[in-house]
Amino acid sequence: MSKPTPNIPPERPNESPSNKQDGKVEERVDTTLPDAQPVVDEVEDTSATPATNVSLISGNSKPRQYKVNNPSFFMQRGYQVLLVLGLIAAFFLVMVYQTLFGRIEQPQQMVTIDPGQTYYGLLPQWQQQIPLFSAGVAKLYIKSQVDAPLHAGTYQLPENPTIAEALQILGQGAKAAMVKVQIIEGKTSKDLYQALRDNDKIEKEVLTADSDNASIAQALDLTGVLPDSVANSSDPIANYNLEGWFAPDTYYYGEGTSDKKVLTDLYKRQQQVLTDAWENRAPNLPYKSPYEALVMASIIEKETSVADERPLVSAVFRNRLNKNMRMQTDPTIIYGMGSRYDGNIRRKDINEKTSYNTYQIDGLPPTPIALPSAASIEATLHPADSEALYFVATGNGGHKFTNSLAEHNQAVKDYLSVMREKKSQTPPQ
């Protein structure tokens, strides 16, 4: 039998036979680097965030790292919500400001409110011209600030008003008794003067007992709007005659308003209508000035009350003037006769040469012959595309428009036939 080998523990890696003396182990000292510290591999400190070993999945043995200071999802979403709410609030404030204090671009002007109109009916104009204007906000403002209905009347609005300013001015109408002044299209300035004289609630400042055309024009400071041929005319009807310069309509004024204010307001309104129409007129018209267009508009106003016919009547007179034909319109005869007109035009009246009789004079009469409406002014400066040179009443309403004298004569015969038939059917009185 062999002797068993005693179990001897294995040597440590840093031990060698030279280190072993008398069973003692000397410490190894590295004399090459006396000041060096023990070398330790750098290990990234991941004690704060536990690493997940994904080497079995991705093959990457380096642990995944996470950002420590990343804001939470809910904080980010909160900031976004606050930003959106802030933008909405800012938009709403701008909308409210624009609605109440945004200015509509328009000159200082008169605004007539008819019976039955409401404050809400005034909103579309502001809504069209003011960015971000809200009808809903305006209605809430009216409901909270206005405690009386819109009162009929004529009001002076300032230049470029805000809706808040306009509502304040219009709200004053309920505090005063109003006077109705109605001027019908086709009536004359003489009719207007008389209507104001007869109204005992209108203060008389201009239309005194001894006033005439010249004194009225001077009192209103309107002599400059008349051509020299009118201001210096030897014809008493034409001399300083402001015919045509007052806009016909229905107006409401506070009791005690002066006739000067009424006439000045009506003049400014007519002047604005004429200026706007003149600036946008059609080309190749025979009128040298806005005043000549006003004269023509007054003739159209007297020739027809049918709205659709106005541009056709305008075309006839334009065509005749361009061909140097006389206008030959009966209303000019009547105006030139003045107080002598008794309701009939006789052959001697047609043959009488007055300043206004367009059967006897070339071109336009010296002044308008009536107060024309805005529609007639517009028709004057935008005639229909027609070559007609004549027109005559049909006897059944409206007129027959023709291009030649032969056609016109036949239309006159047709008219006379209709009138004879109507007369035969009328029972004797």
Side-chain angles (χ1 to χ4, degrees), residues 85 87-185 199 201-202 246-257 261-262 264-277 280 307-308 373-378:
L85 291 177
L87 291 175
I88 292 174
F91 177 82
F92 180 75
L93 289 175
V94 172
M95 183 175 65
V96 170
Y97 181 85
Q98 283 291 94
T99 298
L100 301 182
F101 304 105
R103 296 189 176 276
I104 182 172
E105 294 187 6
Q106 66 179 29
Q108 176 178 315
Q109 63 181 15
M110 299 298 301
V111 174
T112 299
I113 303 299
D114 297 325
Q117 279 190 271
T118 67
Y119 285 103
Y120 296 155
L122 305 175
L123 300 184
Q125 185 179 8
W126 267 271
Q127 195 166 16
Q128 291 175 2
Q129 298 192 28
I130 297 179
L132 297 182
F133 184 93
S134 169
V137 172
K139 288 179 180 179
L140 286 175
Y141 180 80
I142 292 171
K143 196 170 185 179
S144 63
Q145 298 296 320
V146 179
D147 56 3
L150 183 58
H151 203 282
T154 299
Y155 302 85
Q156 180 78 56
L157 291 185
E159 182 181 6
N160 302 332
T162 67
I163 191 171
E165 292 171 343
L167 291 176
Q168 183 180 10
I169 294 171
L170 296 174
Q172 298 173 359
K175 302 177 182 178
M178 306 302 287
V179 179
K180 181 178 181 180
V181 178
Q182 186 175 28
I183 310 300
I184 300 173
E185 296 91 341
N199 195 324
K201 295 180 180 179
I202 296 293
F246 305 107
D249 208 335
T250 300
Y251 302 90
Y252 293 85
Y253 285 92
E255 288 187 13
T257 300
K261 176 172 176 52
V262 175
T264 300
D265 289 347
L266 270 59
Y267 162 75
K268 288 181 177 179
R269 186 168 178 178
Q270 190 77 318
Q271 183 191 47
Q272 187 64 51
V273 170
L274 179 61
T275 299
D276 291 345
N280 296 286
D308 293 344
S373 63
S376 290
I377 293 175
E378 188 67 21

Original post:
With sequence neighbours left out, what residues match Tyr267 under ring-ring contact (aromatic ring centres under 6.0 Å, His included)?
Top reply: Trp245
Original post:
Among all residues two or more places apart in sequence or in another chain, which pass the ring-ring contact (aromatic ring centres under 6.0 Å, His included) test with Tyr120?
Top reply: none
Subject >> Worked check of side chain to side chain contact (heavy atoms under 4.5 Å, CB included) between Thr257 and Val179 >> reply: CA-CA 9 Å; Thr257 300; Val179 179; over 6 Å; no
Holding to side-chain contact (heavy atoms from CB on, under 4.5 Å), I want the full list of residues that pass it with [X], two or more places apart in sequence or in another chain.
X      : answer
Ala307 : Arg310
Leu140 : none
Lys268 : Thr264
Ala247 : Tyr251, Arg269, Gln270

Quick check for you: to the nearest 0.5 Å, what is the distance between [X] atom [atom1] and [Y] atom [atom2]?
X      : Y      : atom1 : atom2 : result
Glu165 : Leu170 : CD    : CG    : 11.5 Å
Gln182 : Asp249 : CD    : CG    : 9.0 Å
Ile184 : Thr250 : CD1   : OG1   : 8.0 Å

Subject >> Test salt bridge (charged side-chain N to carboxylate O under 4.0 Å, His left out) applied to Lys143 - qualifying residues, sequence neighbours left out >> reply: none
Please name all residues satisfying side chain to side chain donor-acceptor pair (under 3.5 Å) with [X], sequence neighbours left out, ordered by chain then number.
X      : result
Glu378 : His382
Asn160 : none
Gln168 : none
Gln106 : Gln109, Gln125

Subject >> Worked verdict on Ile163 versus Leu123 for side chain to side chain contact (heavy atoms under 4.5 Å, CB included) >> reply: CA-CA 9 Å; Ile163 191 171; Leu123 300 184; 3.4 Å; yes
**OP:** Check whether any side-chain heavy atom of Ser376 sits under 4.5 Å from a side-chain heavy atom of Glu185, and report yes or no.
**Re:** no
Original post:
If we only count heavy atoms from C-beta on, is the Pro149 to Thr118 side-chain gap below 4.5 Å?
Top reply: no
**OP:** Report the C-alpha distance between Tyr141 and Leu167 in whole Å, list the side-chain angles of each, state the deciding distance to 0.1 Å, and finish with yes or no for side chain to side chain contact (heavy atoms under 4.5 Å, CB included).
**Re:** CA-CA 10 Å; Tyr141 180 80; Leu167 291 176; 3.7 Å; yes
If you compare all heavy atoms of [X] against all heavy atoms of [Y], which two are closest, and at what distance to 0.1 Å?
X      : Y      : value
Leu150 : Gln117 : CB-O, 3.7 Å
Asp265 : Tyr253 : OD2-OH, 3.0 Å
Ala277 : Ile377 : CB-CG2, 3.8 Å
Phe101 : Thr162 : O-CG2, 3.3 Å

**OP:** Could you name each residue pair satisfying salt bridge (charged side-chain N to carboxylate O under 4.0 Å, His left out) that touches residues 116-126, not counting sequence neighbours?
**Re:** none
